[in-house]
Amino acid sequence: MDLAVYGAVGPAGGERQLAYRLLELALAREWGLQQLPEIARAEGGKPYFPQYPHIHFNLSHSRGAAVCALSGAPVGVDVEVLRPPPRHLAAGMGAQEFFRLWTAKEASAKLLGRGIAALRTQTPDSRCQCLEGFLPGCIVTVCPAAGPVRTIRMDPLFYGKQQNP
C-alpha cells in the first residue's frame, strides 16, 4: 500500500476527535475496514492494531489541525499550526524554519516508537518529507517518505467531500 496522509483543519479543541475520524475514514477507503479496530500501544507509546499488524498508522493534531498517516510499513507523522515558536527552543529561528525542524524530529521519533522525551536528542530522519501546502497555515511532515505520498485533505464537517486528490 502507498503511504497516504489524510488531513483536515477544524475548530480548536476538537482536533483529537478529528484525527480519529480521519483514521476511520482512511481505513475504510484504503483497507475496506468499516469500523475502527482495537488500538494498542507499544512500549514507547506508538499505536498499532493488534488484529492487523500489516497496517501501520500514526496520528497527530495541533490547535484544530489533524493528520493521519496510513501505510503498509511503519510511519510517523506530525502537524503543527504555524505560530511564533517558543523562544527557549527556537534559538533565533523563524516559525517556518523551527516547525519544519520540529515536525521532522517528532515524525522521526514517532516512526521509531520513541516517546516525547526523545525530541531533545532526536535527529530528523533523512527520509522525512515536509508536505508543502497540504494544510493551510500548518507544517506537516511524514516519515519515511521513500516513495510517493498521497495527500487527501478533507472538510472536517463533510467527509464525503474530497478537497484534493
Side-chain angles (χ1 to χ4, degrees), residues 1-10 15-16 18-23 25-27 29-31 39 41-49 52-154 163-165:
M1 179 202 153
D2 292 346
L3 173 56
V5 180
Y6 284 68
V9 178
E15 57 273 355
R16 181 178 166 83
L18 183 55
Y20 281 96
R21 289 173 68 189
L22 289 170
L23 177 59
L25 178 68
L27 286 168
R29 286 185 170 188
E30 307 293 331
W31 291 93
I39 297 173
R41 297 209 176 261
E43 186 176 318
K46 186 174 176 107
Y48 69 97
F49 300 124
Y52 300 95
H54 59 286
I55 301 175
H56 299 267
F57 74 98
N58 202 238
L59 305 174
S60 182
H61 49 80
S62 170
R63 301 170 186 236
V67 292
C68 166
L70 196 62
S71 179
V75 65
V77 70
D78 191 44
V79 61
E80 290 291 340
V81 171
L82 277 173
R83 60 192 182 277
R87 277 186 261 151
H88 68 285
L89 296 174
M93 290 185 270
Q96 287 256 348
E97 182 183 10
F98 173 78
F99 285 112
R100 283 178 69 93
L101 176 61
W102 183 265
T103 59
K105 289 174 88 167
E106 190 157 339
S108 298
K110 292 167 90 175
L111 167 69
L112 300 171
R114 300 177 74 198
I116 193 82
L119 289 178
R120 290 181 186 247
T121 59
Q122 183 68 50
T123 302
D125 189 303
S126 62
R127 300 171 299 163
C128 286
Q129 180 180 339
C130 183
L131 304 176
E132 299 286 343
F134 175 42
L135 293 179
C138 299
I139 300 289
V140 178
T141 300
V142 64
C143 189
V149 177
R150 284 186 301 111
T151 57
I152 302 94
R153 186 173 69 222
M154 302 303 299
Q163 293 181 334
N164 69 328

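Note that these values count all heavy atoms, side chains included, but never hydrogens, waters or copies made by symmetry. Every value quoted in this text rests on a predicted model; they were computed, and no experiment measured them. Residues: numbered from 1 along the sequence shown.
Aromatic ring orientation, Y52 versus F49: perpendicular (interplanar angle above 60°, classes split at 30° and 60°).
Put simply, OG1 on T151 and OH on Y6 are 10.5 Å apart, with the number rounded to the nearest 0.5 Å. To the nearest 0.5 Å, atoms CG (L101) and CD1 (I139) are separated by 11.5 Å. Note that CG of L135 is 12.0 Å distant from CE of M154, once rounded to the nearest 0.5 Å. Taking SG of C128 as the reference point, atom CD of E106 lies at 11.0 Å (rounded to 0.5 Å). Note that CD of E15 and OG of S60 are 10.0 Å apart. Values are rounded to the nearest 0.5 Å. Separating the CZ atom in R100 from the CE atom in M93 is a distance of 12.5 Å, to the nearest 0.5 Å.
Under the 4.5 Å side-chain criterion, counting only non-hydrogen atoms from C-beta, L22 is not in contact with V67. R83 is listed as a side-chain neighbour of S62, based on a closest heavy-atom distance under 4.5 Å. Looking at C130 and T103, their side chains never come closer than 4.5 Å, going by heavy atoms from C-beta outward. Contact check for F57 versus I39: side-chain heavy atoms found under the 4.5 Å cut-off. Using a 4.5 Å heavy-atom cutoff, the side chains of L111 and R127 are in contact.
Judged by distance alone, with hydrogens and angles left aside, the side-chain atoms of N58 form no donor-acceptor pair with the main-chain N or O of A69 at under 3.5 Å. At distances below 3.5 Å, at least one donor-acceptor pair connects side-chain atoms of R153 with backbone N or O atoms of F134. In this structure a side-chain-to-backbone donor-acceptor pair under 3.5 Å is missing from K110 to C143.
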For I152 and R29: C-alpha separation, side-chain torsions, deciding distance, then whether side chain to side chain contact (heavy atoms under 4.5 Å, CB included) applies. CA-CA 11 Å; I152 302 94; R29 286 185 170 188; 3.8 Å; yes
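Taking each heavy atom of A19 and L59 in turn, the nearest pair found is O-CD2, 3.8 Å. Shortest non-hydrogen contact noted between L18 and G64 is CD2-O, 3.8 Å. In plain terms, the two heavy atoms of H56 and A73 that are nearest each other are CB-O, 3.1 Å. Closest of all the heavy-atom pairs between P85 and F98 is CB-CD2, 3.5 Å.
There is no side-chain donor-acceptor pair under 3.5 Å between D78 and T141.
The environment of R16 atom CZ is sparse: at most 12 non-hydrogen atoms of other residues, nucleotides or ligands sit within 6.0 angstrom.
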